[in-house]
Structure formats: structure tokens, C-alpha cells
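Read the numbers this way: they start at 1 and go in the same order the structure lists the ligands and their atoms.
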Amino acid sequence: MSLEGIYDEGNVFALILAGKIPSTPIYEDAHTYAFLDIQPQSKGHALVISKWSKARNILEIEPEALCQVMASVQKVATAIRKAFDPDGIHVAQFNGAPAGQTVFHLHVHIVPRWEGDAPGFSVHGQGGFADADALRALAQEIRAQL
Ligand code: 5GP
């Protein structure tokens, strides 16, 4: 899907927000929701989304929603740093399939990085799906720092 298109109400993050499929929560406020990525690029890889914006990408999102999302990104990144003491934190956001976007509800990745990690994103799926119990344990460690 390119930058053109219509928001799909059945996209996986809309289904997560609707409670139709499970996710591993980290943080939630009135406007945003943060949860762990099911195919993590590293230990503690989190995603932040707007609860109300129907934007697929950064070109569409309301500035208010973007500010809300980024405020939560900062909050969650701080908690991830406290929980796991990474050497760096990669904050990423992709727009359109050619740029690597696979889910078309705007989201921001928070990926803790350690010295020696390969830079950049690996192809989704390369690392496989995380174990649900392991994700729950990591989420608990992050939530404890919020
Ligand atoms: P994108 O490439 O669109 O920026 O990233 C989408 C991300 O969503 C990927 O990192 C992928 O692993 C993650 N993802 C896809 N489906 C699900 C899901 O059902 N649950 C969770 N927690 N993450 C998902």
C-alpha cells in the first residue's frame, strides 16, 4: 500500500484497540495505547498508537494526535530505559509499504538497542513471533518503571 488509500477499520491495530485481538499492554492514557511488538526487533520493542486518530501515516495524522503519541513515546522510552538499561533507543515510524510499513494505522516503534546490535530494522518475521508469556513478563518490567 502506498501513501494513497483509505483507513481500513479492520487493520490489526484497530482490532487491538477494539479488544478483538489480544495484545501485551505497557501504557495507556485517554488518547494513546502502548504495547509490545509481537515480532520484536529487540528485547522490549514497543509500539505506540493513537486511540482515536484514523491516520494511516504521518502525512495524515492530526497534529494533536501526533503530539499525544510522541508524548507517550517519550514516557514509554524512559520506562524501557529504566527497565533494561539499553545503550541506545531507536524510535522509528514508517510511511507506505515501500518505506517498510506493514500495518496502516500510524504507529511509532521504540526499539532498545545494545552495543553490537545490528543497526536498522530486520525484515518483519525474520526473528519470528515472541512467546506470549515472555512478552507479558517484559511488559510487567516496563510497567513497573512507569
Ligand atoms: P510497520 O512495518 O508497519 O512499521 O510495523 C508493524 C509492526 O507491527 C511490526 O513490527 C509487527 O511485528 C507488528 N505487528 C503486526 N501484527 C501485530 C499484532 O497482531 N500484534 C502486535 N503486538 N504487533 C503486531
Side-chain angles (χ1 to χ4, degrees), residues 1-29 31-63 65-81 83-84 86-114 117-146:
M1 197 182 286
S2 74
L3 295 175
E4 305 298 329
I6 294 167
Y7 182 83
D8 174 9
E9 299 282 350
N11 79 74
V12 71
F13 294 166
L15 297 180
I16 284 175
L17 285 172
K20 292 183 177 163
I21 61 171
S23 61
T24 313
I26 295 173
Y27 173 75
E28 181 167 10
D29 61 24
H31 306 295
T32 65
Y33 179 56
F35 55 104
L36 287 179
D37 197 296
I38 206 168
Q39 293 178 276
Q41 302 277 333
S42 74
K43 171 181 149 185
H45 178 176
L47 300 166
V48 181
I49 60 178
S50 171
K51 285 183 177 177
W52 60 269
S53 175
K54 305 286 187 197
R56 292 170 308 134
N57 57 54
I58 199 160
L59 304 178
E60 297 177 355
I61 193 165
E62 302 82 354
L66 182 60
C67 289
Q68 292 163 347
V69 166
M70 292 313 291
S72 292
V73 167
Q74 185 185 46
K75 200 169 285 192
V76 171
T78 301
I80 287 173
R81 182 187 186 188
F84 303 131
D87 300 312
I89 299 176
H90 188 166
V91 173
Q93 190 273 316
F94 306 139
N95 302 283
Q101 187 174 14
T102 57
V103 179
F104 296 89
H105 176 117
L106 182 139
H107 52 281
V108 178
H109 297 260
I110 304 169
V111 186
R113 300 288 193 190
W114 285 266
D117 283 359
F121 269 67
S122 56
V123 176
H124 296 315
Q126 211 169 53
F129 289 91
D131 174 73
D133 287 338
L135 283 185
R136 273 194 285 275
L138 291 175
Q140 202 168 341
E141 286 187 70
I142 298 168
R143 283 198 304 269
Q145 300 300 332
L146 280 163

Only heavy atoms count here, so choose which of Q93, H107, Q101 is nearest to atom 4 (O) of ligand 1.
H107
Are the side chains of F121 and V111 in contact, using a 4.5 Å heavy-atom criterion?
yes
With a 4.5 Å cut-off on side-chain heavy atoms, are L17 and Y33 touching?
yes
Pair H105-H107, ring-ring contact (aromatic ring centres under 6.0 Å, His included): steps then yes or no:
CA-CA 6 Å; H105 176 117; H107 52 281; 8.0 Å; no
Has [X] got any heavy atom lying under 4.0 angstrom from an atom of ligand 1?
X: I16; result: yes
X: S23; result: no
X: F13; result: yes

Does the side chain of T32 come under 3.5 Å of the side chain of Q68 through a donor N or O and an acceptor N or O?
no
Short side-chain donor-acceptor distance under 3.5 Å, Q93 and N95
yes
Ligand 1 and [X], any nitrogen or oxygen pair closer than 3.5 angstrom?
X: H45; result: no
X: V12; result: no
X: L36; result: yes

Please say whether the positively charged group of R113, taken as NZ for Lys or CZ for Arg, lies over the ring of F84, i.e. under 6.0 angstrom from the six-membered ring centre and within 45 degrees of the axis.
no
Out of all atoms in ligand 1, which are within 4.0 Å of some heavy atom of [X]? Include the element for each.
X: H109; answer: 1 (P), 4 (O), 5 (O), 7 (C), 10 (O)
X: T102; answer: 1 (P), 2 (O), 3 (O), 5 (O), 6 (C)
X: G100; answer: 1 (P), 2 (O)

Mode of F104 contact toward ligand 1 - side chain, backbone, both, neither (heavy atoms, under 4.0 Å):
neither
Check the pair H45 / H109 against ring-ring contact (aromatic ring centres under 6.0 Å, His included), numbers first and verdict last.
CA-CA 7 Å; H45 178 176; H109 297 260; 5.1 Å; yes
Ion pair check, E9 and K54, cut-off under 4.0 Å:
yes
